[in-house]
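Here the structure comes first, spelled out in structure tokens, and everything after it is commentary.
All heavy atoms count here, side chains included; hydrogens, waters and symmetry mates do not. Position 1 is the first residue of the sequence, and the numbers go up from there.
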Amino acid sequence: LATALALKGSKMGTDSGKKRKADESTSTGPALPQEGKAHVVQVDAIDVVKIILQFCKENNLKRSFEVIRDECQTSLNTVDSIDTFLSDINTGKWDAVLSQVAHLQIPQMKYVDLYEQIILEMSDLKEFVLATQLLKSSVMMLLRKEDETRYLSIENAIQEARQGRPQPRSNKDKRAKLARSLSQEVSVIPPSRLMTIVGQALKWQRMQGVLPAGAEIDLLRGVAVGKMEEEERCPTTLSNTIRFGKDCHIECAKFSPDGLVLATGSVDGFVEIWDTSTFKLKTDLSYQASDQFMLHSCAVLCVDFGRDGELICSGDQDGKIKVWRYRSGKCIRELKNAHSMGVTTVAFSRDGGQVLSGSFDAVIRIHGLKSGRILKEFRGHTSYVNHAIYFNHGQQILSGSSDGTVHIWELKTTECVKKIRPPQRHAGDEASVLSIHLYPKNNDYFIVCNRSSTVYLMTQEGQVVKSFHLEKEQNFIQACVSTQGEYVYGLGADRKLYCFQTDDTRLEEVFEVSEVESIGLVHHPFKNLV
């Protein structure tokens, strides 16, 4: 039984000036490339079990220790100190020796040698009751079946000692021989091996840039995690600004699930990763440090992170989708004909094996990452699909379109089970639905932003639960909801951010967010940051 651990190394990047390249030469190949040679270390599964047993023993988890030991039929075979163990044998401290060997797995005949030595010494000391009890133990009963002559010899020695005729013995030599024999079966494990190994692994991952320094780690998933701020508040001050070149602007942005990085897609085809602690380009990613960026040949219109934060999906103006490993910058899948027109929205499935996409071609599709094929197609919108997300625990899809409707689709059948038209300002209007968002306080509700002065909280039956309304004639162009659902944010065409409390729909804050036209809005997963 063995577990292979692949330790994949990568060179650390150095800080160099950022130089945008106008071609796609830095993009890697289309289909699942190997990421260098893996150095494989074979680890015996029994050793892993023993490390877990040590952890249970050190933390006094007696029941867990016994269950794991019995089910795996293995033992630590360790002692706290070899020197102390040998000294106890050589000095005849048999109570200490027996307590240590009770949980060891050693050859049966070495157990017999130990018990024989103890029985004979107890007889010499006239401890006949104890000697007789040991003679009737399971170890000696097995000896009686396999070697009755030896068993009877030991029994006779007890009888002779009772009669005052003990046989002369050299216990010192026999103890030394027994100590040498048993020492071959036991070892000493340094304390806290499990925590030491985990600590060393995390340290190595930080050195390689896989885990950011100072971040909290979800050990089970092996990823850095963000920490939720205690109370959601409406942000009111400018935190940071990322400035792009004169002829460049970003089209889309997305925070990673752990909130530690921000991915942006720009009009010149670059997908870039920014450190959210500084909002500077993340140059501990070696490919960015050496100006080897994730790249499309035209404007990137949408980006999304997988749930584990390791993969990024990006869609461009030519209808192409790329999937990247953001820590290495490798393109692992390229879907060249994902759509016939620009890809406006992408989203990973819950298991990360599929990508949901919508497009200016009015079609929604699901693509398999492994096969690179279109798995499902949803048709019914009559204009651009502006946003599409998974809904109802991944069983359905929500989509918003410039035809003024929200559609709810059944994932298995691709059937549109509900067509919802949010309230319009005037009869006959078809205000484009620009974005839709799940509502954290109720999984059956969702936020709808259309090109109007109102953002709606709606049910999947199409009923309006709450309205977040501006008194003046000003259209929203984008909206989002805070992580815990305490606030709804609407981005106005007047470059102002409007912050509504969800409980009473009260407008709490209004402030200008940009000197030029604003086009998008995203919320940090843990901080009061948009």
Side-chain angles (χ1 to χ4, degrees), residues 301-302 304 306-307 313 315 319-321 323 333 335-424 428-452 455-465 479 481:
L301 304 182
C302 51
D304 188 44
R307 292 186 73 190
C313 182
K320 186 185 299 181
I321 293 175
V323 179
R333 175 62 69 190
L335 308 172
K336 293 185 177 181
N337 299 306
H339 288 274
S340 60
M341 299 175 70
V343 181
T344 56
T345 176
V346 287
F348 279 99
S349 61
R350 293 170 66 88
D351 63 3
Q354 298 173 1
V355 169
L356 170 69
S357 66
S359 169
F360 288 130
D361 62 11
V363 179
I364 301 163
R365 287 173 175 155
I366 292 179
H367 313 265
L369 291 190
K370 188 174 181 180
S371 65
R373 297 177 181 175
I374 298 172
L375 304 180
K376 293 181 183 294
E377 190 172 85
F378 306 82
R379 290 182 177 270
H381 282 298
T382 58
S383 187
Y384 307 152
V385 176
N386 295 315
H387 201 188
I389 57 175
Y390 285 97
F391 183 56
N392 191 15
H393 307 289
Q395 301 302 309
Q396 293 178 320
I397 289 170
L398 273 176
S399 61
S401 168
S402 291
D403 62 13
T405 64
V406 174
H407 285 194
I408 301 178
W409 310 84
E410 201 65 41
L411 184 66
K412 288 185 177 180
T413 63
T414 71
E415 177 188 0
C416 178
V417 295
K418 191 70 177 179
K419 182 178 178 180
I420 300 170
R421 186 176 295 277
Q424 305 292 322
D429 283 355
E430 291 187 356
S432 297
V433 177
L434 303 174
S435 66
I436 45 180
H437 307 273
L438 302 181
Y439 184 53
K441 291 187 175 183
N442 190 323
N443 293 331
D444 294 328
Y445 295 173
F446 51 89
I447 300 290
V448 178
C449 174
N450 61 1
R451 195 176 295 278
S452 70
V455 175
Y456 300 99
L457 176 63
M458 305 188 71
T459 70
Q460 49 189 311
E461 287 76 33
Q463 297 174 336
V464 175
V465 180
V481 60

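One N or O on the side chain of Q424 and one on the backbone of P422 form a donor-acceptor pair closer than 3.5 Å. With hydrogens and angles disregarded, a donor-acceptor distance shorter than 3.5 Å links the side chain of S401 to the backbone of S383. Checking side-chain atoms of S359 against main-chain N and O of G342 turns up a donor-acceptor pair under 3.5 Å. A donor-acceptor distance shorter than 3.5 angstrom exists from the side chain of D361 to the backbone of S340, with no hydrogens or angles considered. Checked by atom type and distance alone, the side chain of N386 pairs as donor or acceptor with a backbone atom of V433 at under 3.5 Å. Remark: the backbone N or O of I374 is not paired with any side-chain donor or acceptor of R365 at under 3.5 angstrom. The backbone N or O of D351 sits nowhere less than 3.5 Å from a side-chain atom of R307 that would complete a donor-acceptor pair.
Ring geometry for H407 versus H381: interplanar angle under 30°, hence parallel rather than tilted (30 to 60°).
Residues V385 and V363 share a closest heavy-atom pair of CG2-N, 4.1 Å. Nearest heavy atoms, I447 versus Y439: CD1-CD1, 4.4 Å. Closest approach of L411 and G394 over heavy atoms only: CD2-O, 3.1 Å. Smallest separation of non-hydrogen atoms from I436 and G400: CD1-N, 3.7 Å. Here the closest heavy-atom approach between residue G372 and residue L335 is recorded as O-CD2, 3.5 Å. Smallest separation of non-hydrogen atoms from A479 and V455: CB-CG2, 4.2 Å.
Rounding to the nearest 0.5 Å gives a distance of 7.0 Å between CG of L356 and CZ of F378. Once rounded to the nearest 0.5 Å, the distance linking CZ of R379 with CD1 of I364 reads 10.5 Å. If you take CD1 on I408 and CZ on F446, they are separated by 5.0 Å, rounding to the nearest 0.5 Å. Summarising the geometry, atom CD1 belonging to I420 is positioned 9.5 Å from atom OG1 belonging to T405; distances are rounded to the nearest 0.5 Å. In this structure, NE2 on H339 lies 5.0 Å from CD1 on I321, to the nearest 0.5 angstrom. Here K336 contributes atom NZ and K320 contributes atom NZ; the two are 6.5 Å apart, rounded to the nearest 0.5 Å.
Looking only at side-chain heavy atoms (C-beta outward), Y384 and T344 stay at 4.5 Å or farther from each other. At a threshold of 4.5 Å between non-hydrogen side-chain atoms, the residues F391 and Q460 count as touching.
Inspection of the T459 and D444 side chains reveals no N or O donor paired with an N or O acceptor under 3.5 Å. With 3.5 Å as the limit, one finds a donor-acceptor pair spanning the side chains of H367 and S357.
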